[in-house]
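What follows is a set of notes on a single structure, which appears directly below.
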2 protein chains.
Amino acid sequence: MPESPTLPDLDPISDRAVFRQIADHLREAIERGQLAEGDKVPSEARLMQHYGVARMTIRNALQVLQSEGLTVAEHGRGVFVRSHPPVRRLASDRFARRHREQGKAAFIAETEGAGGKPSVDSIEITEVKPSPDVAERLRLSPKDRVVRRSRRYLINGQPVETAISYIPAEIAKGTQIMQPDSGPGGIYARIEEKGYRLDRFVEDIKSRMPLRDELRALKLAPGVPVFHLVRTAYTTDGTPVEVCDTVMSSDAYVLSYELPAR
Amino acid sequence: MPESPTLPDLDPISDRAVFRQIADHLREAIERGQLAEGDKVPSEARLMQHYGVARMTIRNALQVLQSEGLTVAEHGRGVFVRSHPPVRRLASDRFARRHREQGKAAFIAETEGAGGKPSVDSIEITEVKPSPDVAERLRLSPKDRVVRRSRRYLINGQPVETAISYIPAEIAKGTQIMQPDSGPGGIYARIEEKGYRLDRFVEDIKSRMPLRDELRALKLAPGVPVFHLVRTAYTTDGTPVEVCDTVMSSDAYVLSYELPAR
DNA sequence: CTGTAGTACACGTATGTACGAGTTGAGGAG
DNA sequence: CTCCTCAACTCGTACATACGTGTACTACAG
């Protein structure tokens, strides 16, 4: 039987709400390591008994921790301290040509390098009219056409990222970009083969709570935000040739960028 | 009198939980713009009446929206659709020397450029032993000393970012870095004056839910994640000379980086 | 006209009860 | 020994009720 963490009693003088005091106790137990990753938090019934309060009060306290991303509730099993998945570091040279020339897409190369099993699913390729945002980034008019490549990336079967690329139809047409397997080096290699010389990428990064679809697609635990990253690829003459809209589980990633001081 | 949004009735056949259905209705009303930013969501009492359910059910539904960052509850006033603050874009050239030479710190220059009123408070300067993480990044031993400069940045009086810089004591000692006002061009200008030539910065970015202290310091609304950014400054010979640990309200920022394709 | 007390209304906190549904393990049937 | 049933335990959903506390408007007193 796993020994329960020793939780203090309530402070009857404090004007801090009871459920907050309880949340504090549990949070401290987690931070002190008294409740380690994967450990079971005492059940609602046990906590009710320990503190002598109603179930709603306990549930409010647990809700606080869950929204802080510290715990996950599993129906029928209990509440557990969240364990954090291995973190992938995205370095700012990950799209360097030297990587592309080795014949692997950035995601595959990186994941294998870190000892994980990469996979890609839900690949869908359609030709659509660009959204206003995409049209602006690609400097297209709303009546131009773009090819939309959407896919989901997984590591060891666990989804970590969804991505949607938009490429002007004029560029993508008749290339392997229209195929589910875009070939060695990925779509950037295909674009360069067509005579476009890639020069630089610009990535815009936001962070926010996931939408419902994203929660499902990435199998996110409650209380985990996502990175929303939009990358635009430019050629040497400054023409944008691709926009990639990516949503990543924030607890699976550290983004790393190098900035010149010049 | 503000017209209420027209909310559908419950689907008695659906096996979707009642509070989730209600949350869906409200979410859709917000997404359709029927409930615009700053609008008041119908009160708990009104929703109880409309749907004919208990208050707990309504509160659960509202809790869902709040945790998605879509609404904020204000005690005694009501529940409101969250309005998003003006967004600051952090470009990857923000520490370029040409900006520094104009005599302003990055934050001040940027904010004034965007028409906001920048301010800085809670400046504290102490000399401490580095944490293991900081020591590793600065390639110091744990018994070396570092100068710790912490401060909080505000725009129009609204806190948006907290930052803590760590500089090896050997470098900072006897310079204006030890003063609350670090002088024209900020601490990077002081470091260069001491003969160190800054070459590049590396920024590591994570996103997560705020800790309690951060929630207070940044006056964050519930359901808003933070960026946690750690920047390390390197000289031309590859020596790290500063680590800056920054926490930013994620809904006030878009981070933007340029990556070479070479 | 002004200030204030009162009041209606809003969300916050807490109690108690009931039943549903998923998980787990013990114990009995085969 | 194996399989299955069932009980016990867990969290999920929903009801009803009560009182606290902050807000804002109204009506009355001065």
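Just so it is clear: chains get the letters A, B, ... in the order the sequence lines come, proteins before strands, and each one is counted from 1.
Listed nucleotides D:dT10, C:dT15, D:dA14 differ in distance to B:Val18; the shortest reach to its side chain belongs to D:dA14. Considering only the side chain of B:Ser43, C:dC11 comes nearest among C:dC11, D:dT13, C:dG16. Closest to the side chain of A:Phe19, from the set D:dT13, C:dC11, C:dA14, is C:dA14. The side chain of B:Ala54 sits closest to D:dC15 out of C:dG16, D:dT10, D:dC15.
A straight line from CD1 of A:Ile58 to C1' of D:dG12 spans 16 Å, rounded to a whole angstrom. As a whole-Å value, the separation of A:Lys40 NZ from D:dT10 C1' is 7 Å. Rounded to an integer number of Å, the gap from CE of B:Met48 to P of D:dA14 is 14 Å. Atom P of nucleotide C:dT13 and atom CG of A:Asp15 are separated by 12 Å, given to the nearest angstrom. For the pair A:Arg55 CZ and D:dT13 P, the interatomic distance rounds to 11 Å; values are reported in whole Å. Counting to the nearest Å, the P atom of D:dT10 and the CZ atom of A:Phe80 are 11 Å from each other. As rounded to whole Å, 13 Å separates atom C1' of D:dA14 from atom CD of B:Gln21. B:Asn60 has its CG atom 12 Å from the C1' atom of D:dC15, to the nearest Å.
The environment of CD in A:Glu37 is crowded: more than 12 heavy-atom neighbours from other residues, nucleotides or ligands sit within 6.0 Å.
For the pair A:Thr57 and C:dT15, the criterion of a side-chain N or O lying under 4.0 Å from OP1 or OP2 is met. Distances shorter than 4.0 Å separate none of the side-chain N or O atoms of A:Arg59 from OP1 or OP2 on D:dC11. Between D:dA24 and B:Arg77, a contact under 4.0 Å exists linking OP1 or OP2 to a side-chain N or O.
For the residue pair B:Tyr253/B:Glu161, the side-chain donor-acceptor check at 3.5 Å is satisfied. A donor-acceptor contact under 3.5 angstrom links the side chains of B:Glu203 and B:Tyr257, judged on distance only.
With hydrogens and angles left out, the side chain of A:Arg20 and the base of C:dG12 share no donor-acceptor pair within 3.5 Å. In terms of polar N and O atoms assigned as donor or acceptor, the side chain of A:His75 never comes within less than 3.5 Å of the base of D:dT10 in a complementary pairing.
Along DNA chain D, the nucleotide closest to A:Met56 and the one closest to A:Gly78 are compared, and the more 5′ of them pairs with A:Gly78. Between B:Gly76 and A:Arg16, it is B:Gly76 whose nearest contact on DNA chain C lies nearer the 5' terminus.
When A:Leu90, A:Val160, A:Leu154 are each tested for a side-chain contact (heavy atoms from CB on, under 4.5 Å) with A:Phe107, only one passes: A:Val160.
Counting heavy atoms from C-beta on, the side chains of B:His50 and B:Asp9 come closer than 4.5 Å.
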